[in-house]
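Just below is one structure, and these are the notes that go with it.
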Amino acid sequence: MTLRRALIPGCVFALFSLETLAQDANIAPPAPETQTPGTPAPGVAPQPALTAPAPAPAPANVRTVKGRVADRLTNEGLPLVRVIIKGTTQGVETELDGTFTLPNVPARAVTLLFSSQDYGEREVQIGANQRTVEVALENIFAEEMVVVGRASEVARKNLANSVASVNSEEINRAPAQTVDQALQGKVAGANIQSNGGAPGGGLQLRLRGVSTINGSSAPLYVIDGVLVSDVAIASGVFAITESVAGANANPTQDNQVNRIADINPNDIESIEVLKGASAAAIYGSKAANGVVIINTKRGRSSEPQFEVTQRLGMYTLANKLGTRRFNSVDEVRDTFGEAAAQYYVEGRRFDHESALAGRRDLSSETLASVSGVTGNTKYFASAMIKNDEGIIANTGYEKQSFRLNLGQKLGESVEVNVATNLVHSLGQRGLTNNDNASISNYMVLPHAPEFLPLEANSDGVYPQNPFLSNRANPLQTAALVKNDENVWRFIGSGDLTWHLWKTEAHHLRVLANAGVDRFQQENSLFFPPELNFEPLDDGLPGSSLFGTSQVRNLNSGLNLVHTYKPTSGGIVATTSGGLQFEERNIDSVYIVSKNLNAGRQNVDSGTVVNLRQNRSLVRDRGYYVQEELLLLDERLTLVGALRGEQSSANGNPNALFLYPKLATAYRIPSFHPKVNEFKVRAAYGETGNLPLYGMKFTGLRATGNIAGSPGLVGTGIAGDRNIKPERQREIEAGVDALLFGGDVVAELSIYQRNISDLLLQRALAPSGGFATQIFNGGSLRNRGVEAMLQVTPVRGGFEWTSGATFALNRSRVTDLPVPAFLAGGFGTSLGAFRIEEGATATQIVGNDGVDENGRPIVRKIGDTEPTFRMSFTNSLKYRDFSLSFLFDWQQGSDIINLTRYIYDDAGTSPDFTTGGRERLVRQRTHASTYIEDASFLKLREVTFMYQLPKDWVSMVPAVKSARLSLSGRNLLMFTGYSGLDPEVSNFGNQAVARNVDVAPFPPSRSFWTSIDVGF
């Protein structure tokens, strides 16, 4: 709270200071040639200037220019297009019909700059005597610029790859906790899955299917040129829940947060998603899982634009599992035994699930930003204060963010841009997910029948739960357990462009960039001794854990770009080359303290203290050359690139691995009046996936002892000094079309990805002292189809735009040099993931009957890969009203519902008497009993907006615009799945072992009301 009180006035003061400086700069006297004072007519009082204190120029030296700005294809007038005289701050905005009147234009040849967020920028030169002008701007499809290299970009109309783009309006249409949540349902081929419903995020993004088995499965995120970390670091709660014990020793069960959650979605101008190797090859060995390029906002308008948004809302429980209703004491005896009868009172029932997750506290979000252009300086600054209250006690998500982006022209040849972002977040995660100590909320709820009181008495004392040996009470656990994740993060980037040589035909420039992403994550967990289970679980009452992780990503680059565009036309050639240096450093330390003295939280107050530290450092070097050609009146695009990389993560850090790329596209001349653009494209590219840190080393434990003396003991896993990146080769082809004057936009892509040199483990002879070894071998394949369609059937006073995306993917393990192996799950009795040659990489196998000898028959019983995914968006506008909504549809995909198994095993599932008892019997021989269809249709987001009339708004001094909106997220879900949410994945942030439901944090829906004010 102290931090928030300090940040709020600090951020507001900084924003207002920037605005004041910008306003002071913008009221400076205009250029000398427009400063000739005029003389008022006799008897007429001089009128004060409205836009600047400088005297008006003499009529003999100026003129008024009128004109109209329209869409090039539809010829419809474009409102709110900024028109300024280049080199000055003098300008106007177009009216609703696209017309404008620009006074005081010097009576000489000048250049007008037309700029629009949706249509880009265009310069138009007008003659000394010209007083009217008609300007046509290209639409997004034709002129949106898309990154195709480390230092180059191309207009979307010439793009040779499928690159999904999401703009600021689409990202922020409905409030979202995290950036990846805001992307759900908006990118064809992107499967964005939640690890649970805990506040503060915890999602995983998979592009075009499985691309690895044991390597990193996260895409690469690039923000303003900085390769940022999206690492998911375990909180350490596994030390208490013992979830790493048994066959699933993986700390990903800690309900981790992937750190892209730190980014403020409201700062984002656009997101570009490079989904495959054919588009992302220029990022080499970091791009096997795709690349997400995030561009934040910059100053645009010459006048300061100050905006404030205030949102209020709440989160509510979206779904409940329910529990069995006991109607007689005999049912209680039959289920729990004779001793349970004493707790049953006829007619007494408690809704423990609502008591646990029924909070509806007020959440809020305050946003403020200022942006503009003054002289040769562009600026954008923003502040955010966010407080999301969780639906379970002691859960929630707080975030404060401050951003400052500056751009400066230094003369005619040098441009410098700096982007900085300081973020603080506090996530209160609660205690959910799988555990082997039976203490997390939804692991205990099945053992708390509806007739058992769990609420605290008047003295604040919670009753013990007699139906568990450790006496855990989930309401007490929620009230007393602390599981906080505190993060401070700084992301900074700078780039410099030096226009070294520029003529009519040649443009040579040097681009240098550097960036840093540095954050510290602190996890503080506290289990006080008064918890019912604390004295019983291990005989050491009270547990405290402190974990701290220091993460630093550094990257820098130097690029040389030459563009050749002769005045005769016919060719545009862009040649680029450069080198990059990148470093990733992670240092995590965990301290676990038990048997706390007097219940103190300090980790030094325990009698049993354990330490654990994980460190990794990887350095990479990259080099590339790229050539882009636009031929045949910019109808033919040819792109070729080659990247070379060296990395300390490889067995040989000096080995150079090459990643080529070839792509072409041809815009076919219009063959029908209704066909405005029709493009065919094809591309080939290669990327890699680096070995995980330490795979090349043979592990040693320093905590072992030999004959009573401390010594280094092997871990049993041998490294490989020849380990190298996995190799991905992708072929992509597609068509793009713009029809009916822009009323129809369509894209279709097909692809095949072949991944070889997979990172695998093989068994070794025990006599060698090692059980397994990491090595490269095997291959898998992904094939898929992606499509996008956008239609605007109605324009005019009422406008309706509708869109849809479609994607399907099919994987196959084409070669496996080791015997088939399990890659996650709880064994074949409940369902597990198996990698075997000829099968899909996402198959679920399990016991499916017995053979003649009574041994289980193990075969495929499910698959986590969806049959297809689709989304539907609609945007309707009428005058000052607008309505938008998004439906997200997943068809197919299977999920292992072990939460249902836990309820059945406890005898408390809602349908235990009619189905649960039979399921338990069938599960003994058929693991498919708890495999369910994960198909769903969700109303992801809906927003209704009302733009207040200008005559209302103008009544408030300095206010230019105001808008009210009502919105919601995840309001409706249609599914046959019996669990809380078919998107859950307790084993998130893994390549294969997803779609496992074990006692997750329950999902929520959110409702928001917002007011946006512009000054």
Side-chain angles (χ1 to χ4, degrees), residues 3 7 10-11 14-15 147 150 168 171 176-180 182-183 200-201 205 218-233 257-272 283 286 291-299 367 369 371 378-386 397-407 416-427 485-496 512-522 549-557 580-587 618 620:
L3 172 68
L7 280 176
C11 293
L15 290 176
V147 173
R150 286 280 184 153
S168 175
I171 296 168
Q177 287 188 339
T178 62
V179 174
D180 36 15
L183 283 176
L205 169 59
L220 173 66
Y221 286 89
V222 182
I223 302 178
D224 295 329
V226 181
L227 279 61
V228 301
S229 174
D230 188 40
V231 64
I233 299 175
V257 177
N258 50 316
R259 291 266 58 95
I260 200 65
D262 298 330
I263 307 306
N264 178 7
N266 301 277
D267 286 345
I268 295 175
E269 182 70 32
S270 65
I271 296 178
E272 296 170 9
Y283 287 93
K286 299 177 184 64
V291 181
V292 180
I293 301 173
I294 299 176
N295 303 301
T296 60
K297 295 177 180 177
R298 298 288 195 271
L367 305 162
S369 66
S371 64
K378 294 182 178 181
Y379 60 90
F380 172 82
S382 72
M384 178 188 72
I385 299 171
K386 184 182 186 69
Y397 182 57
E398 298 181 19
K399 181 160 64 178
Q400 301 87 39
S401 171
F402 182 78
R403 172 175 292 278
L404 177 61
N405 292 349
L406 296 173
V416 178
N417 293 288
V418 176
T420 59
N421 189 201
L422 177 64
V423 184
H424 170 257
S425 66
L426 174 63
E485 187 165 281
N486 194 43
V487 177
W488 279 98
R489 186 172 194 173
F490 175 78
I491 301 174
S493 67
D495 63 77
L496 180 146
N513 67 280
V516 58
D517 175 20
R518 168 74 167 79
F519 72 83
Q520 178 174 350
Q521 175 179 315
E522 291 185 351
S549 297
Q550 312 281 342
V551 180
R552 185 187 70 233
N553 278 24
L554 300 174
N555 63 273
S556 59
Q580 290 81 36
F581 172 80
E582 292 145 11
E583 178 183 288
R584 301 181 301 284
N585 190 351
I586 302 177
D587 186 357
V618 178
D620 305 326

### Nearest heavy atoms of Ser382 and Asp267, plus distance in Å
OG-OD1, 2.6 Å

### Query
Measuring from Tyr221:OH to Leu205:CG, what's the distance to the nearest 0.5 Å?
4.5 Å

#### Entry: Within-4.5 Å side-chain heavy-atom neighbours: Val228 and Phe519
no

### Task
Identify the residue among Ile223, Asn295, Ile293, Val179 that makes a side chain to side chain contact (heavy atoms under 4.5 Å, CB included) with Ile271.
Val179

### Message
Within the 4.5 Å heavy-atom criterion, are Leu422 and His424 side-chain neighbours or not?
### Response
no

### Message
With side chain to side chain contact (heavy atoms under 4.5 Å, CB included) as the test, pick out the partner of Glu582 among Leu554, Val618, Asn555.
### Response
Asn555

### Query
Hey, are the side chains of Glu269 and Thr296 touching, using non-hydrogen atoms and a 4.5 Å cut-off?
no

### Summary
Closest non-hydrogen atoms of Ser229 and Val231, given as atom of the first, atom of the second and distance, are OG-CG1, 3.1 Å

### Task
Grab the two heavy atoms, one from Arg298 and one from Ala419, that are nearest each other, plus how far apart they are.
NH2-CB, 4.2 Å

### Query
Is Arg403 paired with Asp224 through a side-chain N to carboxylate O contact shorter than 4.0 Å?
yes

### Message
Apply side chain to side chain contact (heavy atoms under 4.5 Å, CB included) to residues Asn421 and Ser401 and explain how you reach the verdict.
### Response
CA-CA 7 Å; Asn421 189 201; Ser401 171; 3.3 Å; yes

## Note on the structure
Taken to the nearest 0.5 Å, the spacing of Phe490 CZ from Asp517 CG works out to 10.0 Å

### Summary
Rounded to the nearest 0.5 angstrom, the CG-OG distance for Asp587 and Ser549 is 8.0 Å

## Note on the structure
All heavy atoms of Ile171 vs all of Ala182, minimum pair found to be O-CB, 3.5 Å

### Message
Quick check: closest heavy atoms across Gly200 and Ala261, and the distance to 0.1 Å?
### Response
O-CB, 3.6 Å

### Task
Could you go through the side chain to side chain contact (heavy atoms under 4.5 Å, CB included) check for Ser369 and Phe380 one step at a time?
CA-CA 7 Å; Ser369 66; Phe380 172 82; 3.9 Å; yes

### Query
Distance from Arg518 atom CZ to Arg489 atom CZ, nearest 0.5 Å?
11.5 Å

### Query
Taking only residues two or more places apart in sequence, or in another chain, which ones meet Asp495 in a side-chain hydrogen bond (donor to acceptor under 3.5 Å, both in side chains)?
Asn417

### Step-by-step side chain to side chain contact (heavy atoms under 4.5 Å, CB included) determination, Lys399 to Tyr397
CA-CA 7 Å; Lys399 181 160 64 178; Tyr397 182 57; 3.4 Å; yes

#### Entry: Sub-4.5 Å side-chain heavy-atom contact between Asn264 and Lys386
no

### Task
Output the distance between atom CG (Asp230) and atom CG (Leu220), rounded to the nearest 0.5 Å.
9.5 Å

### Query
Does a salt bridge link Arg584 with Asp620, judged by any charged N lying under 4.0 Å from a carboxylate O?
yes

### Minimum side-chain heavy-atom gap Val551-Gln520 below 4.5 Å
no

### Student check: side-chain heavy atoms of Asn553 and Glu583 closer than 4.5 Å
no

### Task
Could you go through the side chain to side chain contact (heavy atoms under 4.5 Å, CB included) check for Val257 and Glu485 one step at a time?
CA-CA 9 Å; Val257 177; Glu485 187 165 281; 3.6 Å; yes

#### Entry: Polar side chain donor-acceptor pair, Gln521 to Arg259, under 3.5 angstrom
yes

### Query
Does Lys297 reach the side chain of Ser168, with side-chain heavy atoms less than 4.5 Å apart?
yes

### Query
Is there a side-chain contact between Asp262 and Val487, using heavy atoms and a 4.5 Å cut-off?
yes

### Query
Going from CG on Asn486 to CG on Leu426, what distance comes out if it is rounded to the nearest 0.5 angstrom?
5.5 Å

